[in-house]
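Here's the structure, in structure tokens; my notes come after.
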Amino acid sequence: MGIWSRFGKGMLAVAAAATVFAGAAFAAEKKELTVYTALENEQINKYLASFREKYPDIEIKIVRDSTGIVTAKLLAEGEKTPADVVWGTAASSLLVLEDRGMIEPYAPKGLERVEPMLKDTANPPAWVGIDAWETAIIYNTAEAKAKGLPPIKSYKDLLRPEFKGQIIMSNPNSSGTGFLAVTGLIHLMGEEEAFKYMDQLHNNIAMYTHSGSAPAKKAAAGEFAVGISYGYAGMNQKKKGAPVEVIFPEEGSGWDVEANALIKKANIKPEAKLFLDWAISDEAINALKDDYAITAVKVREGIPEGYAKDPLSQLVKNNDLKWSALNRDRILKEWAARYDGKTEAN
């Protein structure tokens, strides 16, 4: 073998070693962030696009489920949770996590721009919202016409005998949308009267789902005439061409805030704070401005089509998220004891 052959093989070995080293260095540079969220699947990639463009070296691992499931998962995992950040999950649930000592308060950049009702009052805040979502009734007009069902304007209308077996809503034990519907009624009527109302509503309910958007999807598909869900879920089905009307009850809608929080850990990743900074930036809010009437930061004139002209006036006035959080376990236990028999199988 000639000297040049030996030299060539040596160079190849060096090059191979350099490639392995470079690959290891790249892997070391690649950062990972675990994000728990209750946002809808179709929203996640759309909303994350600007983050991924801005921070291509940060790999986002999404763990998605309904609000109640996300909350229960975090509570069960405790300090061993792999989650770094909670994103787009009910503020009333984040308040439960805060009470259990799982939240690290953090003031993201641009906090001063966030609407007061969409952020914690503490300084620094335990949670910061990206939008508010509200109870809406999704009514399949084709099914209503075929079955001769009456129009709906209010919660009271849902008690009419014509709607027996025609209504579905989500279970508040697994769904944040279900929980805000229940607490909205409590804040509107008082707890005793709200449960009397729900006793009557239960007679007309065909099924309780585990997902907050499922009643909108099933109503849109014509499986049931009426779904008690939330604004975005109904608007999304309507945009897809479903024959549905999205009704905001005249008495007022229960509501909550889709919010973000930093999970308390011994070593908090800098990327987690970057994520929370990004989540209330113009780029992030721009991605959701057509989905919600109330956003954390005002980035558009007017509101998306289909919502109440004054969306704030549609919301239940004395909605108290802290009260809802403090009384969550008791309310859920009472609800389950009365109505859980009609919940869909897992």
Review point. Once you round to the nearest 0.5 Å, how far does CG of Leu39 lie from CG of Asp291?
Key: 10.0 Å
Exercise for review: Would you please name every residue forming a side-chain contact (heavy atoms from CB on, under 4.5 Å) with Glu40, sequence neighbours left out?
Suggested key: Glu42, Gln43, Arg64, Ser213, Lys217, Tyr230, Tyr232
Exercise for review: To the nearest 0.5 angstrom, please state how far the CD1 atom of Ile152 sits from the OH atom of Tyr139.
Suggested key: 4.5 Å
Exercise for review: Could you tell me whether a side-chain N or O of Thr343 sits under 3.5 Å from a main-chain N or O of Asp340, the two making a donor and an acceptor?
Suggested key: yes
**Study point:** Stepwise side-chain hydrogen bond (donor to acceptor under 3.5 Å, both in side chains) test for Tyr47 and Asn286
**Key:** CA-CA 9 Å; Tyr47 293 173; Asn286 264 316; over 6 Å; no
Check your understanding: Do Asp65 side-chain atoms and Thr37 backbone N/O form a donor-acceptor pair below 3.5 Å?
Key -> no
**Study point:** Partners passing side-chain contact (heavy atoms from CB on, under 4.5 Å) against Lys147 (at least two apart in sequence or in another chain)
**Key:** Glu143, Leu149, Gln166
Point to revise | Worked check of side-chain contact (heavy atoms from CB on, under 4.5 Å) between Lys73 and Val63 | key: CA-CA 10 Å; Lys73 184 177 177 65; Val63 177; 4.0 Å; yes
Review point. Just by distance, with hydrogens left out, do Ser92 and Ser324 show a side-chain donor and acceptor under 3.5 Å apart?
Key: no
Check your understanding: Just by modelled atom types, is the Pro243 backbone N or O under 3.5 Å from a matching donor or acceptor in the Thr141 side chain?
Key -> yes
Study note, to complete from the structure: Taken in chain and number order and not counting sequence neighbours, the residues that satisfy salt bridge (Lys or Arg N to Asp or Glu O under 4.0 Å) with Lys264 are none
Point to revise | Glu77, CD: over 12 other non-hydrogen atoms inside 6.0 angstrom | key: yes
Check your understanding: Does Asn204 use its side chain to pair, donor to acceptor, with the backbone of Leu158 at less than 3.5 Å?
Key -> yes
Check your understanding: Under a 4.5 Å cut-off applied to non-hydrogen side-chain atoms, are Thr89 and Trp127 in contact?
Key -> no
Practice item. Nearest 0.5 Å please: distance from the OG atom of Ser253 over to the CH2 atom of Trp133. Key: 12.5 Å
Review point. Does Leu185 offer a backbone N or O that forms a donor-acceptor pair with the side chain of Tyr155 under 3.5 Å?
Key: no
Review point. Is Asp256 salt-bridged to Lys322, going by a charged N under 4.0 Å from an acidic O?
Key: no
Check your understanding: So does Lys298 have more than 12 non-hydrogen atoms from other groups sitting under 6.0 Å from NZ?
Key -> yes
**Study point:** pair Ile228-Leu201: side-chain heavy atoms closer than 4.5 Å
**Key:** yes
Point to revise | Close aromatic pair by centroid cut-off 6.0 Å: Tyr307 and Tyr292 | key: no
**Study point:** Main-chain N/O of Ala83 paired to Thr34 side chain as donor or acceptor, under 3.5 Å
**Key:** no
Practice item. Please check if atom NZ in Lys342 has more than 12 non-hydrogen atoms from other residues, nucleotides or ligands closer than 6.0 Å. Key: yes
Check your understanding: Does Arg300 come within less than 4.0 Å of Asp290, counting only side-chain N to carboxylate O?
Key -> yes
Exercise for review: Please step through side-chain contact (heavy atoms from CB on, under 4.5 Å) for the pair Asn173 and Phe179, ending with a clear verdict.
Suggested key: CA-CA 7 Å; Asn173 282 278; Phe179 188 63; over 6 Å; no
Could you list the donor-acceptor pairs under 3.5 angstrom formed by side chains in residues 266-277, with sequence neighbours left out?
residue: Lys269; atom: NZ; partner: Glu32; partner atom: O; Å: 2.7
residue: Lys269; atom: NZ; partner: Asp84; partner atom: OD2; Å: 3.3
residue: Asp277; atom: OD1; partner: Tyr106; partner atom: OH; Å: 2.8
residue: Asp277; atom: OD1; partner: Lys109; partner atom: N; Å: 3.0
residue: Asp277; atom: OD2; partner: Tyr106; partner atom: OH; Å: 3.4

Point to revise | Trp323 backbone acceptor or donor facing Asn327 side chain under 3.5 Å | key: yes
Point to revise | Side-chain H-bond candidate by donor/acceptor type, Glu344 with Thr209, under 3.5 Å | key: no
Exercise for review: Start with the C-alpha gap between Arg338 and Glu334, add the side-chain angles, then the distance that decides, and say whether salt bridge (charged side-chain N to carboxylate O under 4.0 Å, His left out) holds.
Suggested key: CA-CA 6 Å; Arg338 291 174 182 246; Glu334 179 67 22; 2.6 Å; yes
Exercise for review: Indicate yes or no: does Glu193 engage Lys196 in a salt bridge with an N to O separation below 4.0 Å.
Suggested key: yes
Check your understanding: Do Ser170 and Ser175 pass the side-chain hydrogen bond (donor to acceptor under 3.5 Å, both in side chains) test, and can you show the C-alpha distance, the side-chain angles, and the key distance before you say yes or no?
Key -> CA-CA 6 Å; Ser170 51; Ser175 164; 3.1 Å; yes
Review point. Side-chain contact, heavy-atom cut-off 4.5 Å: Met207 with Phe224?
Key: yes
Practice item. May I ask you to test the Glu98-Glu104 pair for a side-chain heavy-atom distance under 4.5 Å? Key: no
Practice item. Indicate yes or no: at least one non-hydrogen side-chain atom of Tyr208 is less than 4.5 angstrom from one of Trp335. Key: yes
Review point. Taking it one step at a time, do Gln237 and Ile138 satisfy side-chain contact (heavy atoms from CB on, under 4.5 Å)?
Key: CA-CA 9 Å; Gln237 294 304 312; Ile138 318 306; 5.6 Å; no
Practice item. Could you check if a side-chain atom of Pro311 sits within less than 4.5 angstrom of a side-chain atom of Ile303, using non-hydrogen atoms only? Key: yes
Review point. Got Val86 and Val35 here, is their nearest side-chain heavy-atom distance under 4.5 Å?
Key: no
Exercise for review: Kindly say whether Leu315 contributes a backbone atom to a donor-acceptor pair with the side chain of Lys317 at under 3.5 angstrom?
Suggested key: yes
Check your understanding: So, for Ile263 and Val85, which heavy atoms are closest and what is the spacing to 0.1 Å?
Key -> CG1-N, 4.2 Å
Check your understanding: If you measure from CG on Leu180 to OG1 on Thr135, what distance do you get to the nearest 0.5 Å?
Key -> 4.5 Å
Exercise for review: Without swapping roles, check the side chain of His187 against the backbone of Thr183 for a donor-acceptor pair under 3.5 Å.
Suggested key: yes
Exercise for review: For the pair Tyr197 and His202, evaluate side-chain hydrogen bond (donor to acceptor under 3.5 Å, both in side chains) and give the outcome as yes or no after the intermediate values.
Suggested key: CA-CA 9 Å; Tyr197 170 83; His202 182 68; over 6 Å; no
Point to revise | Non-neighbouring partners of Lys61 that pass salt bridge (Lys or Arg N to Asp or Glu O under 4.0 Å), sequence neighbours left out | key: none
Check your understanding: Parallel, tilted or perpendicular: which fits the ring planes of Tyr55 and Phe51, with parallel below 30° and perpendicular above 60°?
Key -> tilted
Revision key, fill the gap. Residue pairs meeting salt bridge (charged side-chain N to carboxylate O under 4.0 Å, His left out), one or both in residues 235-254, sequence neighbours left out, come to none
Review point. How far does CG of Leu74 sit from CD1 of Ile69, to the nearest 0.5 angstrom?
Key: 11.5 Å
Exercise for review: Without swapping roles, check the side chain of Lys289 against the backbone of Thr295 for a donor-acceptor pair under 3.5 Å.
Suggested key: no
Check your understanding: Got Val226 and Asn140 here, is their nearest side-chain heavy-atom distance under 4.5 Å?
Key -> no
Exercise for review: Assign the ring pair Tyr339 / Phe195 to parallel, tilted or perpendicular, where the plane angle (0 to 90°) is split at 30° and 60°.
Suggested key: parallel
Review point. From Ile285 CD1 over to Asp131 CG, what is the distance, rounded to the nearest 0.5 angstrom?
Key: 7.5 Å
